[in-house]
Amino acid sequence: MSTKILVIEDNIDVRENLEELLQLSGYKVSTAENGKDGINKALEVIPDLILCDIMMPELDGYGVLRILSNNVTTMNIPFIFLTAKAEKDDFRKGMGLGADDYITKPFDDVDLLDTIELRLKKSERLKSSFGETSQGLQRFFDESKAQKEFEKLLENREIRRYSKKDNI
Amino acid sequence: MLKPYHDAVIRLQSIFDSAVDGIIIINTRGIIEEVNPATQKLFGYNEDEMIGNNVNMLMPHQFAVKHDEYIDNYLSSRNAKIIGIGREVTGRKKDGSEFPFWLAVSEVKLADRSIFTGFVHDLSEIKHAETRLMTLNEELEKKVIERTYELENAVNQLLSLNKQLEDEISNKIRIQKQLKEREADLELGLAKERELGELKSRFVSMASHEFRTPLSTILSSVSLIARYTEGEQQPNRDKHIDKIKASVVHLTGILNDFLSMNKLEEGKVDTHFETVDVIDIWNNVIDEMYTILKADQKLINTINIERAWIISDKKILKNIIINLISNAIKYSGEKGEIRCTLDYQDNIFTISIKDNGMGIPKEDQKHLFQRFFRASNAINIEGTGLGLNIVKKYVEMLNGNITFESEHLVGTEFKVRLPTKSGNTTY
């Protein structure tokens with residue numbers, strides 16, 4: 001089974017070139033032309049890695065990452081931004097949202113393929129630490145869910161403030 | 001008989017002796033015959049020094065020389081100047097000092113001759129008092145004048161103070177006005193600065209996206225060409241060469257927009273006005289536009305026109321129409337409808353381009369014609385934010401106007417109105 005990569009990019013030329021480049025490198029490639037379409041494709045094919053633009057109609061790359069990292073089935077898929085937003089602030093924002101890497105346009109093909117390979121290897125190592133048995137998989141899901149629940153707990157927790165006079 | 005006469009003499013003598021006023025008796029030649037003690041006291045001569053001498057010894061020089069004449073005049077003309085009337089005259093004392101007195105003279109006719117009696121009533125005290133009164137009066141007047149002057153001074157000072165205050169107030173008002181003007185200037189400067197800053201950030205974000213995307217295509221196509229090393233892979237290489245060409249054309253387009261904007265900003269765009277067939281240009285553009293329609297998009301061309309000639313600039317007119325129709329295509333989805341209508345009424349051509357696309361959010365509408373501005377719902381769609389800015393300037397160059405109506409998610413209609421004589425008509 002070959003490695004699956006999802007490319008989410010609105011510009012048709014860039015999208016086609018990425019698809020071609022990745023196919024030539026032996027990957028199985030799915031494409032989406034906007035963020036909304038990208039989410040659907042991600043849930044449908046469960047790719048091994050996602051390459052995503054930021055400035056897109058319908059739903060931008062930040063939105064895609066936010067939604068996918070809130071979904072148990074997609075939250076651990078390596079996510080790489082490939083974007084024209086080259087400012088330092090944009091980079092910080094992308095990484096802050098939990099992206100695994102950030103590549104700016106125009107990009108060098110070798111750099112891109114190296115980065116993809118590196119991210120896939122890391123992800124592979126993470127998966128194997130849970131083992132490849134169904135038991136391991138179950139554990140992986142459980143821990144993911146536990147982490148998810150924990151985060152929810154954090155979010156919903158009401159912060160109570162006490163003044164000096166209060167008796168606790 | 002002797003006793004009563006003697007008594008009368010004594011009585012008269014005592015009156016004569018004790019009178020406070022001086023009494024002088026002279027004869028018709030002016031010689032003093034008798035003086036009473038008061039006279040001696042008044043004039044400082046004793047009796048012996050006066051009796052037998054002319055009465056003019058008791059007068060200042062200017063009167064003394066004429067006294068005899070006065071008497072003669074009276075005796076011959078009987079025309080009285082003093083006698084029976086009295087007059088204020090000046091006396092001369094033994095020590096030479098002079099004093100005023102009231103002189104009353106009367107003629108006494110004796111049996112054989114006439115004598116004159118003069119009563120001398122000293123006026124020195126009265127005169128002195130009068131003088132003092134006058135001095136006092138004068139002093140008083142002087143004081144009044146002084147006080148008036150002081151008062152005037154005070155009033156003048158007050159007036160000048162008032163004027164100073166008024167000047168100061170008007171000065172302050174002027175300064176306040178200047179401050180306000182400066183404040184307004186500063187605010188204007190700040191607003192301009194802010195606008196420039198905004199323009200810069202809009203330009204940076206636009207340039208970043210609009211340049212980097214075609215550059216990505218070029219770079220990745222080049223990378224791919226490098227991978228197709230086999231002879232039979234020529235079609236692959238050709239495909240990428242076409243992509244590179246298209247990207248270069250796209251980049252050139254952006255560059256041209258920049259240059260147009262710059263030229264327009266600097267007023268360097270030349271217009272060439274000539275008689276133009278509007279329908280001809282319109283149909284040419286519409287034909288071009290059919291080729292860039294998205295899948296299932298429809299273009300509905302309506303020409304409600306009888307007159308087809310306009311004095312205008314061909315190139316600019318064409319650019320306006322191309323820009324508006326390609327915008328309508330770009331911002332409408334597949335299956336969208338683009339209605340292009342040409343109208344003419346009262347010497348004005350109206351171009352209407354209406355779509356049923358994404359529309360322009362209300363809050364963005366007022367900024368739509370600004371350089372580099374992208375509506376909030378178009379930020380992620382390719383574009384420089386220059387097209388409408390350029391169109392507006394082009395329309396203005398043709399003395400026309402451009403308006404639009406738009407509703408978010410419903411559609412947009414742009415209307416351009418052009419006078420038939422664009423070259424010299426304003427409306």
Side-chain angles (χ1 to χ4, degrees), chain A residues 7-26 29 31-38 51-64 81-91 93-94 102-114 116, chain B residues 200-201 203-230 233 235-237 239-251 254 294-295 330-334 357-358 374-385 409:
Chain A
V7 175
I8 310 172
E9 162 69 59
D10 63 331
N11 183 282
I12 183 168
D13 292 328
V14 178
R15 188 169 69 241
E16 281 175 3
N17 279 5
L18 281 170
E19 186 180 11
E20 205 172 323
L21 192 66
L22 294 173
Q23 276 169 350
L24 284 175
S25 303
V29 185
T31 59
E33 62 175 48
N34 62 51
K36 228 162 120 185
D37 195 19
L51 206 53
C52 185
D53 188 16
I54 291 179
M55 290 170 79
M56 290 181 296
E58 305 290 336
L59 179 70
D60 68 12
Y62 300 131
V64 173
F81 275 128
L82 179 61
T83 175
K85 288 175 91 71
E87 297 285 303
K88 204 176 168 187
D89 287 351
D90 300 325
F91 173 77
K93 187 176 176 188
Y102 195 97
I103 300 169
T104 54
K105 292 177 185 174
F107 55 89
D108 179 70
D109 59 332
V110 179
D111 283 350
L112 176 74
L113 292 170
D114 284 352
I116 289 171
Chain B
K200 195 188 135 205
S201 76
F203 170 73
V204 167
S205 85
M206 180 281 296
S208 179
H209 192 253
E210 292 310 301
F211 284 107
R212 284 171 190 279
T213 304
L215 286 174
S216 293
T217 306
I218 293 170
L219 192 55
S220 53
S221 284
V222 169
S223 304
L224 284 163
I225 288 172
R227 280 163 201 263
Y228 295 122
T229 51
E230 306 298 323
Q233 288 172 324
N236 285 340
R237 284 193 289 270
K239 184 182 78 186
H240 285 291
I241 286 164
D242 284 346
K243 272 192 179 182
I244 291 167
K245 279 183 182 166
S247 293
V248 170
V249 168
H250 181 64
L251 282 170
I254 295 172
K294 290 183 195 166
K330 185 170 164 187
Y331 297 108
S332 301
E334 290 173 8
M358 61 199 288
R374 306 300 311 282
S376 54
N377 58 341
I379 282 173
N380 289 322
I381 297 174
E382 281 178 14
T384 54
L409 301 173

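Atoms considered below: every heavy atom in the structure, side chains included; atoms not considered: hydrogens, waters and symmetry mates. In what follows, every chain begins at residue 1, and chains take the letters A, B, ... in the order their sequences are listed. Quick caveat, the model's predicted, so the values are computed rather than measured.
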field: Smallest separation among heavy atoms of A:Asn34 and A:Lys36, with atom names
entry: OD1-N, 3.1 Å
- line: For B:Ile244 and B:Ser221, the nearest pair of non-hydrogen atoms, with its separation, is CG1-CB, 3.7 Å
- prompt: Do any pairs count as a salt bridge (Lys or Arg N to Asp or Glu O under 4.0 Å) and have a residue in residues 207-228 of chain B, sequence neighbours left out, and if so which ones?
  reply: A:Asp109-B:Arg227
Residues of residues 81-88 of chain A with any heavy atom under 4.5 Å of a heavy atom in chain B: A:Ala84, A:Lys85, A:Ala86, A:Glu87
- prompt: If you take all heavy atoms of A:Tyr102 and A:Gly94, which pair is closest and at what distance?
  reply: CE1-CA, 4.2 Å
Which portion of A:Leu113 sits near chain B, non-hydrogen atoms under 4.5 angstrom: side chain
field: Partners passing side chain to side chain contact (heavy atoms under 4.5 Å, CB included) against A:Asn11 (at least two apart in sequence or in another chain)
entry: A:Glu9, A:Asp13, A:Val14, B:Thr213, B:Thr217, B:Glu382
query: Out of curiosity, B:Ser223 OG to B:Ile218 CD1, how far, rounded to the nearest 0.5 Å?
result: 11.5 Å
- request: Measure across B:His240 and B:Ile225 and return the closest heavy-atom pair with its distance rounded to 0.1 Å.
  value: CB-CG1, 3.6 Å
task: Please list, in residue-number order, every residue in residues 15-22 of chain A that has a heavy atom less than 4.5 Å from any heavy atom of chain B; write 'none' if there are none.
output: A:Glu16, A:Asn17, A:Glu20, A:Leu21
statement: Rounded to the nearest 0.5 angstrom, the CD1-CE distance for B:Ile381 and A:Met55 is 10.5 Å
message: Assess the residue pair A:Ile8 and A:Met56 against the criterion (side chain to side chain contact (heavy atoms under 4.5 Å, CB included)); give the C-alpha distance rounded to whole Å, side-chain angles, the decisive distance to 0.1 Å, and a yes or no.
response: CA-CA 9 Å; A:Ile8 310 172; A:Met56 290 181 296; 3.7 Å; yes
- prompt: Is there a donor-acceptor contact under 3.5 Å from the side chain of B:Lys294 to the main chain of B:Lys330?
  reply: yes
